[in-house]
Number of protein chains: 4
Amino acid sequence: MMEKKKLSRREMDKLRHRRQMLAAALDLFSLKGYHNVSMHEIAGKAEFAIGTLYKFFKNKEDLYKALIMEKADEYHRALSDVLSKENDTLAVIGDYIAAKAQIFANSVAALRLYFAETRGASFNIKAGLDQDIRKLYDEMVEQLVSTMKRGIDRKVLKEGDPYYMAVALEGLTNSFLFCWLEDPKHHSYEENVQMIKEMFLNGCLAK
Amino acid sequence: MMEKKKLSRREMDKLRHRRQMLAAALDLFSLKGYHNVSMHEIAGKAEFAIGTLYKFFKNKEDLYKALIMEKADEYHRALSDVLSKENDTLAVIGDYIAAKAQIFANSVAALRLYFAETRGASFNIKAGLDQDIRKLYDEMVEQLVSTMKRGIDRKVLKEGDPYYMAVALEGLTNSFLFCWLEDPKHHSYEENVQMIKEMFLNGCLAK
Amino acid sequence: MMEKKKLSRREMDKLRHRRQMLAAALDLFSLKGYHNVSMHEIAGKAEFAIGTLYKFFKNKEDLYKALIMEKADEYHRALSDVLSKENDTLAVIGDYIAAKAQIFANSVAALRLYFAETRGASFNIKAGLDQDIRKLYDEMVEQLVSTMKRGIDRKVLKEGDPYYMAVALEGLTNSFLFCWLEDPKHHSYEENVQMIKEMFLNGCLAK
Amino acid sequence: MMEKKKLSRREMDKLRHRRQMLAAALDLFSLKGYHNVSMHEIAGKAEFAIGTLYKFFKNKEDLYKALIMEKADEYHRALSDVLSKENDTLAVIGDYIAAKAQIFANSVAALRLYFAETRGASFNIKAGLDQDIRKLYDEMVEQLVSTMKRGIDRKVLKEGDPYYMAVALEGLTNSFLFCWLEDPKHHSYEENVQMIKEMFLNGCLAK
DNA sequence: GATGAATGAGTATTCATTCAT
DNA sequence: CATGAATGAATACTCATTCAT
């Protein structure tokens, strides 16, 4: 039980200011890329002085890392929540796809940063970040693998390497959702979600 | 008939020098990212003076663009060659996966740049590039869709949207090959290629 | 009524710093010429960091332009003040020559830049400046012509084209004052001023 | 007696090439200023390779100096020729003005360089040049002073300091001719020449 | 905490000059 | 002499970061 009420107005303000700064940074970073955004620009957009920005984040990298980790946490928590439900396998997989689609639809900005980091395309803001994000990602994959394993045990999914199944699901969701993001009018959201499920289950469902 | 022989030693040297510069740039960019590499660094690694570098590429962006386009061309040509063969559908798909795997195995460095660009993660080296690369990518997808269509017509693949099938194949190959790249010892190359094919065909083969 | 008092210490400092930078730039530019002075040199002489210089002037050209315009303004204002006095014509002309002599004596440095610009010898810091300075110059000449016209009307100066008289006065002052500047010990200031007046009036006085 | 005929074709070519290079340089320098013209640009305009340019002039400064001195020589020789004629004073002065006007009309390009150098506005291409040009200029002034002196002796010009008269004539010619150059349609060439003579003689003619 | 002026290391780019062919 | 590829010192300008108020 956390003591939420204990935050004074001062502390509330601080948190709000921090959020405003991160929001400004997210907008700019996702739009122009890490190196094409200056601290002054972020401070300006957040309507704070440059010195104030540095009171909250000790340097640019720190700000970036805080931002990425915050978003990665949200992302992984959302998926993790779904994967840890004790539902039947097919429901879990369906929910997973839907949850991921939700995230893609709602946080395009953050996604660009996330994929820049995880896809090795990261215009590496030095090391360190990789490790932390990687860990989150690996945990999530682990859960996905468990889900697959459970599905196989329960004879819902066919025999096979559950790791490969997880990889396949990842590939299909990313691919379909990216395509949809780039050209949202072409195919409906529901259709895409449906297709992912179908493609995956065609390949992995037990007969 | 192209007159290849007509290149004087001078011109041969120039081409070689250009290649050396691009090679140095590729190494550095893929390792540290566009903004974390200086022109001096590239010149140094290529063992040329900074001025010489600028004789070949009018500025940093131009060098980057030349590099990306050269690699993207190679990549797409390789896949395009496979897809335009008049073989039977399954062979083409198998060859496509194998060719893509080859590329992943051989040009990790270039791939990082390529995905940075196509995955929207591009830490935008200004505009212009997007368009050109995008076009190459779209053409390739178009060919892939045609292949699928032909497979459906010939009753090799089951009824369905050939575009979705192409997206699925893209997703599966990228996902499996990325995983394999990150952890090559864990699963063999052949096993991965095999898995991709299986997963895809399970979902798309006509019964 | 202007509110001069409203400047905070912060703002006062800023203005002083700006003046210091411009002073350093004037010294160096007039001594060595625009292209032979680096921004670092100016910053160094003004005892500021290079970045600070760029906070005040967005680039080298901008700094140069600010400098030239400031000096040209001073120069033209001084002459304009004299010419707009409602004195009798001969007094105005005498004052004009004296004022111009004062300026030559006091601001050799600025003069070199000014003549570089107005004499077409400008080693053109791109366009734009020409126009602004030209306008100031033309206005001043216009006033000079009016003075001549008035002198003619009042029968103080002889009949003739007042524009030509203005040109003649300009020529005589520049020529004498330049000579004097280059070799100040040879002939006294007063003697030169006297000679200019004499030469001019010999040519233009009504009999 | 110089041996002019002895120039072989080789040597003739060399001279022609040199002239072509200097002509290209004059065009560019007077148009864009010393520092805004590159040696490559000059070589390009003269249609020679950069190395060839350096065969003729050991560096950029040397080329500039050669150019300026050549033009200054022409300029001073033209005036000197007039001033050394044993005509009567008024004729000499008239010829001098006419000759100077001719030069202004014919070689605007060179003039800009010349005045940049002599007016102290010179964006000083290092030292050295000043001295040589200065000497030419002083010699010419000396001749002008002699002419004035002779005029006074012959009672054509009134009593007074011949040096000041020379300065006055210089001032009037420069001023009128500059104005005319800048706005040639406004007043005719003849009118200007006439005005200079009038103004000067009004001030200096013996009564 | 908040401010924003000042700092200066770092980087892209230019261009005079050389020299092997 | 002619060529033009190669050189690298020099310079304008940016931006993360600090600190006195």
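Letters A, B, ... are given to chains in the order of the sequence lines, protein chains preceding strands, and every chain is numbered from 1.
Between B:Phe48 and B:Leu53, every side-chain heavy-atom pair lies at or beyond the 4.5 Å cut-off. Looking only at side-chain heavy atoms (C-beta outward), A:Thr52 and A:Met21 come within less than 4.5 Å of each other. For the pair C:Ile42 and C:Lys60, the minimum side-chain heavy-atom distance is 4.5 Å or more.
Between D:Asn59 and B:Lys58, the residue anchored nearer the 5' end of DNA chain E, judged by the nucleotide with its closest heavy atom, is B:Lys58.
One interatomic measurement links the two molecules: CD of A:Glu61 to P of F:dC15, which rounds to 17 Å at whole-angstrom precision. Atom CE of B:Met39 is separated from atom C1' of F:dT11 by 17 Å (rounded to the nearest Å). Rounded to whole Å, the distance from CG on A:Leu63 to P on F:dA16 is 10 Å. C:Asn36 has its CG atom 9 Å from the P atom of F:dT11, to the nearest Å.
For the ring-ring contact (aromatic ring centres under 6.0 Å, His included) test, no residue two or more places apart in sequence or in another chain qualifies with B:Tyr54. Judged as a ring-ring contact (aromatic ring centres under 6.0 Å, His included), and not counting sequence neighbours, A:Phe57 has no contacts. Taking A:Lys55 as the reference, nothing meets the side-chain contact (heavy atoms from CB on, under 4.5 Å) condition, with sequence neighbours excluded.
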For nucleotides 2-4 of chain F, print each protein N/O atom paired with a nucleotide N/O atom at under 3.5 Å, atom names and distance only.
{"residue": "F:dT3", "atom": "OP2", "partner": "D:Ala49", "partner atom": "N", "Å": "3.2"}
{"residue": "F:dT3", "atom": "OP2", "partner": "D:Thr52", "partner atom": "OG1", "Å": "2.9"}
{"residue": "F:dG4", "atom": "N7", "partner": "D:Gly51", "partner atom": "N", "Å": "3.3"}

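Pairing each heavy atom of A:Met69 with each of A:Ile133, the nearest pair is SD-CG1, 3.7 Å.
Along DNA chain E, the stretch of nucleotides lying under 4.0 Å from any heavy atom of chain D spans, 5' to 3', E:dA16 to E:dT18.
Distance check, rounded to the nearest 0.5 Å: NZ of C:Lys45 to CG of C:Leu28 gives 5.0 Å.
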Writing each nucleotide of DNA chain F 5' to 3' as (, ), [, ], | or . by Watson-Crick or G-U pairing under 3.5 Å yields .||||||||||||||||||||
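When B:Arg18, B:Lys65, B:Arg19 are each tested for a salt bridge (charged side-chain N to carboxylate O under 4.0 Å, His left out) with B:Glu70, only one passes: B:Arg18.
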### Task
Please assess B:Arg16 against B:Asp13 for the test salt bridge (charged side-chain N to carboxylate O under 4.0 Å, His left out), listing each intermediate value before the final yes or no.
CA-CA 5 Å; B:Arg16 186 164 39 80; B:Asp13 276 359; 2.7 Å; yes
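Between B:Glu11 and B:Lys14, no side-chain nitrogen of the basic residue sits less than 4.0 Å from a carboxylate oxygen of the acidic one, so the salt-bridge criterion is not met.
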